[in-house]
2 protein chains.
Amino acid sequence: MKSLTRSLRILEAVAQHQPVTVGELTKIFGLPKSTVQRTLVTLNEAGWLRANRRDTTRWEVGARVLAVRPAALQGSSLFAAAREPMFRLRDTLNETIHLTVPDALHGVVVVDRVDCDHTVRTFHAIGDISPLHATATGHAVLAHLPKSEVDELTAGALEGFGQETITDPAELRAELRRVRDRGYAVNHNQYRPGVCAIAAPVLDEDGTPLASVAVSMPDSRFDPGRLAELGRLVTDTAADITARHLG
Amino acid sequence: MKSLTRSLRILEAVAQHQPVTVGELTKIFGLPKSTVQRTLVTLNEAGWLRANRRDTTRWEVGARVLAVRPAALQGSSLFAAAREPMFRLRDTLNETIHLTVPDALHGVVVVDRVDCDHTVRTFHAIGDISPLHATATGHAVLAHLPKSEVDELTAGALEGFGQETITDPAELRAELRRVRDRGYAVNHNQYRPGVCAIAAPVLDEDGTPLASVAVSMPDSRFDPGRLAELGRLVTDTAADITARHLG
DNA sequence: CATCACGTGCCACATTGTGGAACGCCATGC
DNA sequence: GCATGGCGTTCCACAATGTGGCACGTGATG
């Protein structure tokens, strides 16, 4: 299904670069103009794209894509349930709060975010994907998956992103055990240098991890002495979200 | 581009019915199993779909689709700017607040929602699409579009959804003028019976409508005597969002 | 006024996707 | 324990489908 794959790539590129012209896209992909053009027109007819209001030769993603939502966010969703608890946690700590959902492609996707008002703050855009093995949110999810799945997800080489990344499977398993015992995961420079995050999972009735909430802050504001307190707050927030979601 | 169109339809159907099986989709579309199957596998490889964790013959939308976000919600977005004002309005009124964005296909899409805590409340899922001509959110947007565009968008027959729907173009234009003068739009049973909504637009620097905020409530809780007050609150909220978004 | 860059439309061709048929698996029931 | 039926998956010959080179229209530039 070559053309479908290509069309989806084009759609993603439009999302990234919007508003974007046919010419720019041909440069990105090295495809003939007519091919790109035809794809854009079709995507437009299907309602996924639309021409920019001011410059009608520029294309952007239409709001209709919002109708296509991930399963975890469907209905009386997790997403809605998470908002108030996230706001509350942000107000308590004045640090950025993220909600992430595990994705098939060995990563967690940022689904929602509540910002703090510090000038120096961490930034992850909604839709960003981070590796499972090198983030607090990833660990929080992994810790509650059956061993078989963890093994599968961490089968390949664990990519290192710096000194602190856990690249040894055995070490990762030990860390996950610690996360399970403690109730929350901690990431100190494992993925992005200078970023510290504390995350707790939101679990389904039967214990499958649906999502995780995390507070993340620059290294400079992280006080290891307050870890237990932060951990408790994040865990409580996750519990609150779970209660609202299931209740 | 027949096959692309069809594949996108399948993707949308998966989103609507998730988690869904190949067989169910063949019934919905009347397509051969193999065609549906191949499409699902390709969408899966592209990261848009994934097999359900529990029942691997059921397909659902993967979180990765979130990377494809509409232009209006990009970056330091409207979406983020709208959250706190929406919460505040909800806390003031204890009624459900919606944020909607106009879409190319003659509708407004619900982008965000903050719920009230009444047992009886209005419900519109995130991603839902409603007609421009029969909703307060739609009117709020239409009222600030150039005449040519309004004409274009309302060119076809205006579908009626009940007694109150404005189906006459001239009458709609008059109503839009009123909306512009007053600053907010009111919908009383025009679209969904028993639902009343008051909406105000969020405008760009140059006056193009980007979105609209609305408070919506069941008929039973709507007091016409408080309309002016509600209108002012909604308008203020929209102004607040605009200020945060542009600032 | 010539040139260029860019978006758009056309159409013969072969690459691409199609869908009927067959396979394998599991649950059901005789 | 074996036949049955339903369902997801795989295969492959065929032709319908999408491809992309080419040419046109237009608006900007020098």
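Chain A is the first sequence line, chain B the second, and so forth, proteins listed ahead of strands; every chain is numbered from 1.
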### Message
Base, sugar-phosphate or nothing for Arg58(B)? Non-hydrogen atoms, less than 4.0 Å.
### Response
nothing
### Query
When you list every nucleotide of DNA chain C with an atom under 4.0 Å from a heavy atom of chain B, which one comes first 5' to 3', and which comes last?
dG17(C) to dG20(C)
### Task
Specify the residue among Leu4(A) and Thr21(A) whose closest nucleotide of DNA chain C lies further upstream toward the 5′ end.
Thr21(A)
### Message
Side chains of Ser130(A) and Thr135(A) only: does a donor on one sit below 3.5 Å from an acceptor on the other?
### Response
no
### Task
Determine the minimum heavy-atom distance between His133(A) and Ile166(A), stating which atoms define it.
CD2-O, 3.6 Å
#### Entry: Atom pair distance, as rounded to whole Å: CD in Glu45(A) and P in dG18(D)
12 Å
## Note on the structure
By nearest-heavy-atom nucleotide on DNA chain C, the more 5' of Ser7(B) and Val41(A) is Val41(A)
### Task
Just grab all the side chain to side chain donor-acceptor pair (under 3.5 Å) pairs involving residues 23-38 of chain B, residues at least two apart or on different chains.
Glu24(B)-Arg58(B)
### Query
Please walk me through it: do Glu12(B) and Arg64(A) pass salt bridge (Lys or Arg N to Asp or Glu O under 4.0 Å)?
CA-CA 10 Å; Glu12(B) 283 175 30; Arg64(A) 221 158 106 71; 3.6 Å; yes
### Task
Give a yes or no on whether a salt bridge exists between Asp240(A) and Arg244(A), defined as a side-chain N under 4.0 angstrom from a carboxylate O.
yes
### Message
Less than 3.5 Å apart, any donor N or O on the side chain of Thr100(B) or Ser212(B) sitting next to an acceptor on the other?
### Response
yes
### Message
One thing to verify: whether Arg83(A) and Asp112(B) come together as a salt bridge, which I'm taking to mean a side-chain N less than 4.0 angstrom from a carboxylate O.
### Response
yes
### Query
Do any of residues 32-40 of chain B sit with a heavy atom less than 4.0 Å from DNA chain C, and if so which?
Pro32(B), Ser34(B), Thr35(B), Arg38(B)
### Query
How many Å lie between CG on Asp55(B) and P on dC7(D), as a whole number?
13 Å
### Task
Find out whether Asp168(B) and Leu158(B) are in side-chain contact, i.e. whether some heavy atom of one side chain is under 4.5 Å from a heavy atom of the other.
no
